[in-house]
2 protein chains.
Amino acid sequence: MTAPDNASLYRSIADELKAAIRAGVYAPGARLPSESELADQYDASRGTIRQAFAALVADGVISSRRGARRTVLGGPRLQSFADLVSFSRWARSVGEEPSGRVARLEHRAATLVEAEQLALAEGANVYHLTRVRMLDGRPVMIERTAYPEPVGELVVGIDPSGSITERLEELGLIFADAEHTIDAVPATAEDARLLAVRSRAPLLRERRRTTDPSGVPLEWSEDRYLGQEVAFTVRNSVNRNALSRWHSGPEVS
Amino acid sequence: MTAPDNASLYRSIADELKAAIRAGVYAPGARLPSESELADQYDASRGTIRQAFAALVADGVISSRRGARRTVLGGPRLQSFADLVSFSRWARSVGEEPSGRVARLEHRAATLVEAEQLALAEGANVYHLTRVRMLDGRPVMIERTAYPEPVGELVVGIDPSGSITERLEELGLIFADAEHTIDAVPATAEDARLLAVRSRAPLLRERRRTTDPSGVPLEWSEDRYLGQEVAFTVRNSVNRNALSRWHSGPEVS
DNA sequence: TAGTGGTCTAGACCACAAA
DNA sequence: TTGTGGTCTAGACCACTAA
């Protein structure tokens with residue numbers, strides 16, 4: 001809809017196939033047309049059709065095996081990268097109204113973790129923003145984000161009740177890669193107060209580092225979701241793999 | 001090492017590049033050789049080199065942008081699909097000794113959820129196995145897995161202290177696609193007893209459905225990890241995307 | 001401006017699945 | 001056995017980055 005859609009043939013073919021799957025033309029389990037059929041239909045080469053299919057496989061929409069036609073996978077629809085990095089965009093994509101309330105905004109020296117994640121020198125300053133994020137007025141998440149100074153100086157000029165990520169993109173920043181770590185933690189006293197839950201209630205914690213296309217960190221965020229309200233879904237297969245399990249070792253007593 | 005390694009040129013090139021990155025030949029942030037350089041070096045066509053690079057991008061190892069050379073991303077090393085579906089394989093890949101203890105094995109009618117996830121008719125039977133999984137003797141996870149009858153009949157003949165997934169693969173089953181949903185839940189009384197934690201302690205819950213190449217469900221599992229011991233990591237980018245956020249709505253009081 | 005990656009074509013041979 | 005997807009080649013043109 002609003003996406004820039006850097007049009008390429010294989011992208012538009014992939015989008016058409018995705019739309020057809022979403023519309024139920026190809027139900028879960030159904031077999032898709034062969035590469036040669038689509039090549040004729042779109043007057044494209046086989047390589048281009050394969051590129052389109054590869055995008056669907058990467059998105060976990062279809063599965064592919066040699067000798068048999070590709071089949072549609074079932075399950076929840078996927079969201080785009082932009083939906084994942086921006087809470088506001090995600091909320092709207094699932095039909096809920098996002099909002100935000102600032103709990104704290106600081107300009108201070110980076111902690112050790114922040115300096116490491118943002119690749120800053122020790123003692124460098126960061127802007128640190130704590131927000132409570134809501135869906136249709138109900139608080140579901142606490143967002144604690146550290147920005148390096150050049151980014152933070154832009155952030156302080158942005159209305160914090162809406163989407164900061166979208167404003168930063170309008171200002172020319174490019175959010176290209178993100179790395180997420182997901183675990184479960186008990187709510188601290190502050191968490192409990194901001195989310196209106198019992199202290200030590202289980203929260204889903206997502207720590208995220210987002211970088212621009214050349215790998216320069218743009219933000220480091222620790223988000224805590226109400227465990228019962230939000231979950232993360234991952235698809236992976238023998239061919240494509242973007243998830244990994246992580247073990248911290250027995251660090252705490 | 002032990003992988004079947006269905007050799008193809010682009011795979012072996014990708015493996016060599018991965019090994020070089022792992023070994024530090026290309027450090028995080030470093031720029032990789034150009035496509036044409038590698039094409040000369042490996043006496044391969046540019047398309048093959050691109051295919052190798054695509055595999056690295058999909059695994060979140062490098063980033064790629066038009067006009068500039070590809071660069072190495074930082075962060076934890078990725079695990080293979082097999083490592084993710086099999087606890088035993090994952091444990092060994094991070095250098096710990098896995099073990100398991102059976103808490104319960106039942107042959108009974110499927111619950112509603114199990115029937116839906118395994119695509120069974122209502123009233124069909126499943127085999128349901130509850131195991132406590134340990135790393136170096138410390139319990140870190142409870143695994144509750146339902147198998148459809150044809151699979152379950154194989155499972156009952158397998159030594160449950162080791163890897164069931166690996167035995168099933170030796171028997172010819174192919175685990176091809178998996179879908180994971182991750183959230184946080186409080187420990188039940190049984191959870192608390194099996195994991196030796198306080199009741200209502202935060203646990204990371206992973207629900208996983210694994211299918212064979214044609215989409216037939218092989219297992220449905222609900223695993224609960226100690227939140228402080230295990231985390232999941234996801235990489236995504238504007239190009240590749242396998243993670244999605246999920247919102248259940250206000251279903252519980 | 002020179003070099004790089006992104007896209008696309010038109011062929012070829014092979015491994016595998018399904019009928 | 002036939003058709004499918006998996007791999008690979010050798011070219012071409014373009015958009016973009018970086019010097």
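Quick note: numbers below take in every heavy atom, side chains included, and nothing from hydrogens, waters or symmetry partners. Letters A, B, ... mirror the listed sequences (proteins, then strands); counts begin at 1. Keep in mind that what you see is a predicted model, and the values were worked out from it rather than measured.
Taking atom CZ on B:Arg70 and atom P on D:dC16, their separation rounds to 17 Å, with Å as the unit. When rounded to the nearest whole Å, the span between OH of B:Tyr42 and C1' of D:dT9 equals 18 Å. Rounded to a whole Å, the CG atom of A:Leu9 is 11 Å from the C1' atom of C:dT9. A straight line from CG of A:Leu32 to P of D:dG5 spans 9 Å, rounded to a whole angstrom. For A:Glu35 and D:dG6, the CD to C1' distance is 8 Å, given to the nearest whole Å. Spacing between atom CD1 of B:Ile13 and atom P of D:dT9 amounts to 8 Å, rounded to whole angstrom units. Straight-line distance from the CG atom of A:Asp212 to the P atom of D:dC16: 17 Å, rounded to whole Å. When the P atom of C:dG3 is taken as reference, atom CG of B:Asp40 falls 14 Å away, rounded to whole Å.
Phosphate proximity of C:dT9 to A:Thr48: present, with a side-chain N or O under 4.0 Å from OP1 or OP2. One finds a side-chain N or O of A:Ser34 lying less than 4.0 angstrom from the OP1 or OP2 phosphate oxygen of D:dT4. Contact annotation: B:Ser36 does not reach the phosphate of C:dG3 (side-chain N/O to OP1 or OP2, under 4.0 Å). Of the side-chain N and O atoms in A:Arg69, one or more sit less than 4.0 angstrom from OP1 or OP2 of D:dT4.
Residue contacts shown for B:Tyr10 are limited to sugar-phosphate atoms, with no base heavy atom under 4.0 Å away. At a threshold of 4.0 angstrom between heavy atoms, the contacts of A:Arg50 include nucleobase atoms, whether or not backbone atoms are also involved.
In this structure, of C:dG6, D:dA18, D:dG5, it is D:dA18 that holds the atom nearest to the side chain of B:Ala68. Taking only side-chain atoms of B:Gln51, from C-beta outward, the nucleotide of D:dT7, D:dG5, C:dT7 with the closest atom is D:dT7. With C:dC8, D:dA10, D:dG5 as the choices, the nucleotide that has an atom nearest any side-chain atom of A:Arg66 turns out to be D:dG5.
With sequence neighbours excluded, the residues that form a salt bridge (Lys or Arg N to Asp or Glu O under 4.0 Å) with A:Arg144 are A:Glu190, A:Asp191. Scanning for side-chain contact (heavy atoms from CB on, under 4.5 Å) contacts around B:Glu149 gives B:His107, B:Asn125, B:Tyr127, B:Glu153, with sequence neighbours left out.
Between the side chain of B:Arg11 and the base of D:dG6 there is no donor-acceptor pair of N/O atoms closer than 3.5 Å. For A:Arg46 and D:dG6, a side-chain-to-base donor-acceptor distance below 3.5 Å is present, hydrogens and geometry of angles not being considered.
Comment: B:Arg69 engages B:Glu37 in a salt bridge, judged by a side-chain N to carboxylate O separation of less than 4.0 angstrom. We find that A:Arg207 and A:Glu222 are not joined by a salt bridge, their nearest charged nitrogen and carboxylate oxygen being 4.0 Å or further apart.
Nearer to the 5' terminus of DNA chain D, by closest-nucleotide assignment, is the contact made by A:Glu37 (compared with the other of A:Glu37 and B:Ala44).
Looking at A:Ser34 and A:Ser36, their side chains do bring a donor and an acceptor atom within 3.5 Å of each other.
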